[in-house]
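As structure tokens, the structure follows; a few thoughts come after it.
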Amino acid sequence: RGFGMGRKHAGCEHLLHAVTQRVRPAFHVFGHIHEGYGTETDGATTFINAASCTVRGQCTQPPIVFDVPARHPTREPVEAGA
């Protein structure tokens with residue numbers, strides 16, 4: 001879900017389809033499309049392009065920090081020795 005020069009879509013369409021239609025993770029973190037640095041969401045997945053360098057190779061982008069909510073257990077834990 002990266003964007004290249006002029007905000008034209010770049011990246012692998014097959015990967016985008018797998019992420020948005022099959023896997024549907026809460027977060028999808030990547031960073032190869034340097035000029036697409038930043039975050040966006042489709043309502044189900046937050047896409048995080050964490051590329052630290054610009055398209056010219058200068059490392060000027062600040063890190064993207066985000067919190068991942070803790071999962072709640074779906075079942076009771078099994079007691080030791082049970």
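All heavy atoms count here, side chains included; hydrogens, waters and symmetry mates do not.
- Distance check, rounded to the nearest 0.5 Å: NE2 of His34 to CD of Gln58 gives 12.0 Å.
- In the hydrophobic clustering of ILVMFWY residues, with side-chain heavy atoms under 4.5 Å counting as a link, Val23 and Leu16 come out apart.
- Inter-residue side-chain proximity for Asp42 and Phe47 is flagged as met; some heavy-atom pair is nearer than 4.5 Å.
- Judged by distance alone, the side chain of Thr45 and the main-chain N or O of Pro25 form a donor-acceptor pair under 3.5 Å.
- Ring centroid separation for the pair His32 and Phe30 does not come in under the 6.0 Å cut-off.
- Under the 4.5 Å side-chain criterion, counting only non-hydrogen atoms from C-beta, Thr39 is not in contact with Asn49.
- Residues Cys59 and Cys53 share a closest heavy-atom pair of SG-SG, 2.6 Å.
- No donor-acceptor distance shorter than 3.5 angstrom exists from the side chain of Tyr37 to the backbone of Ile48, with no hydrogens or angles considered.
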